[in-house]
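What's counted below: heavy atoms across the whole structure, side chains too, no hydrogens, waters or symmetry copies. Every value quoted in this text rests on a predicted model; they were computed, and no experiment measured them.
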Amino acid sequence: MNKSFLLLLSFAVFSFNTQKAEMHGNLIRQETIFPGFIQSSNASWFNDIQSYVNGGVTFNFQSDLFVENPYIHVELVTSNYSDEVVYTPIITSMSTTSVTIRVNACAATTLGNVIAEAPTNSVQVLVWATGKAE
């Protein structure tokens, strides 16, 4: 039985505001340890933030950034907090060159909870992708 784990040899923390454009590059080197050998490879990262538009937002990666589908972390940012509406991100498609996110809004009404797609500009969608690089 092969056992493996990801060893992050270096990690960088970046701060940004919501007005900056996409950022990407080499972030870490990963090592997968198997019985009898260690496989080393580079890893890349990407992050960007976009205002949500009805139908979903697509984040496009540089075509040679990832060699397999990356791990995706999604955060939603809203300036109008309400405890009556809960926003939920859903990854609707993903590849080595892009990820598409749809956001649903669950609103409490007198008839119960109503789930529908979030309206345009209701939230900002932040994506952080990390994955294997060449």
Side-chain angles (χ1 to χ4, degrees):
M1 175 171 81
N2 286 340
K3 292 183 181 179
S4 64
F5 66 92
L6 185 66
L7 176 62
L8 305 180
L9 298 179
S10 64
F11 184 79
V13 176
F14 296 91
S15 64
F16 54 91
N17 68 37
T18 59
Q19 303 305 312
K20 290 189 177 178
E22 72 177 57
M23 298 185 297
H24 62 273
N26 290 331
L27 174 67
I28 55 177
R29 180 153 181 87
Q30 70 181 24
E31 291 189 352
T32 307
I33 300 175
F34 296 96
F37 72 97
I38 297 173
Q39 179 182 13
S40 295
S41 60
N42 291 323
S44 292
W45 62 274
F46 168 94
N47 81 320
D48 193 9
I49 189 165
Q50 296 181 27
S51 290
Y52 186 72
V53 293
N54 201 274
V57 289
T58 299
F59 295 86
N60 294 303
F61 314 135
Q62 187 176 318
S63 63
D64 61 347
L65 194 60
F66 302 113
V67 295
E68 55 189 39
N69 287 354
Y71 294 98
I72 304 293
H73 175 81
V74 180
E75 291 184 31
L76 301 177
V77 180
T78 181
S79 59
N80 299 321
Y81 174 78
S82 167
D83 50 352
E84 295 178 2
V85 178
V86 176
Y87 295 102
T88 306
I90 301 167
I91 297 174
T92 58
S93 70
M94 179 173 53
S95 70
T96 59
T97 58
S98 69
V99 63
T100 300
I101 311 293
R102 176 189 159 128
V103 177
N104 283 346
C106 179
T109 68
T110 56
L111 301 174
N113 292 334
V114 175
I115 299 174
E117 184 175 6
T120 295
N121 295 323
S122 57
V123 295
Q124 291 190 326
V125 182
L126 179 131
V127 166
W128 179 272
T130 57
K132 188 175 180 180
E134 293 196 74

Give the cluster check for Val86 versus Leu126: same hydrophobic cluster or not, with ILVMFWY residues linked at side-chain heavy-atom distances below 4.5 Å. no
Which residue, Thr58, Thr92, Asn60, forms the side chain to side chain donor-acceptor pair (under 3.5 Å) with Thr100? Thr58
Side-chain contact test, heavy atoms from C-beta onward, threshold under 4.5 Å: evaluate it for Ile90 versus Ile101 and give yes or no. no
Please report the C-alpha distance between Ile91 and Val99 in whole Å, then the side-chain angles of each, then the deciding distance to 0.1 Å, and finally whether the side chain to side chain contact (heavy atoms under 4.5 Å, CB included) criterion is met. CA-CA 7 Å; Ile91 297 174; Val99 63; 3.8 Å; yes
Identify, with sequence neighbours excluded, every residue that meets side-chain contact (heavy atoms from CB on, under 4.5 Å) alongside Val67. Lys132, Glu134
Drop me the distance from Asp64's CG to Thr97's OG1, to the nearest 0.5 angstrom. 11.0 Å
Can you check side chain to side chain contact (heavy atoms under 4.5 Å, CB included) on Met94 and Ile72, steps first, answer last? CA-CA 9 Å; Met94 179 173 53; Ile72 304 293; 3.4 Å; yes
State, yes or no, whether a side-chain contact exists between Leu76 and Val125 at a heavy-atom distance under 4.5 Å. yes
When rounded to the nearest 0.5 Å, the distance separating CD of Glu84 from CG of Asn113 is 11.0 Å
Non-hydrogen atoms of Ser51 and Gln124 that approach each other most closely: OG-NE2, 3.7 Å
When every non-hydrogen atom of Val103 is compared with those of Tyr52, the smallest separation belongs to N-OH, 3.3 Å
Decide yes or no for Ser122 and Tyr87: does some side-chain heavy atom of the first lie under 4.5 Å from some side-chain heavy atom of the second? yes
Shortest non-hydrogen contact between Ser95 and Pro70, atoms and distance: O-CD, 3.7 Å
Quick one: which of Thr78, Val85, Val57 gives a side chain to side chain contact (heavy atoms under 4.5 Å, CB included) with Val123? Thr78
If you look at every heavy atom in Pro89 and Val74, which pair is closest and at what distance? CB-CG1, 3.6 Å
Phe66: what forms a ring pair (Phe, Tyr, Trp, His ring centres under 6.0 Å) with it, not counting sequence neighbours? Phe61
Going by heavy atoms in the side chains, are Ile115 and Cys106 under 4.5 Å from each other? yes
How many angstroms lie between atom CD1 of Ile38 and atom CD1 of Ile33, to the nearest 0.5 angstrom? 4.5 Å
Does any non-hydrogen side-chain atom of Asn54 lie less than 4.5 Å from one of Glu117? yes
Is there side-chain contact between Thr120 and Val53, with heavy atoms separated by less than 4.5 Å? yes
Looking at side-chain heavy atoms only, is the closest gap between Phe46 and Trp128 below 4.5 Å? no
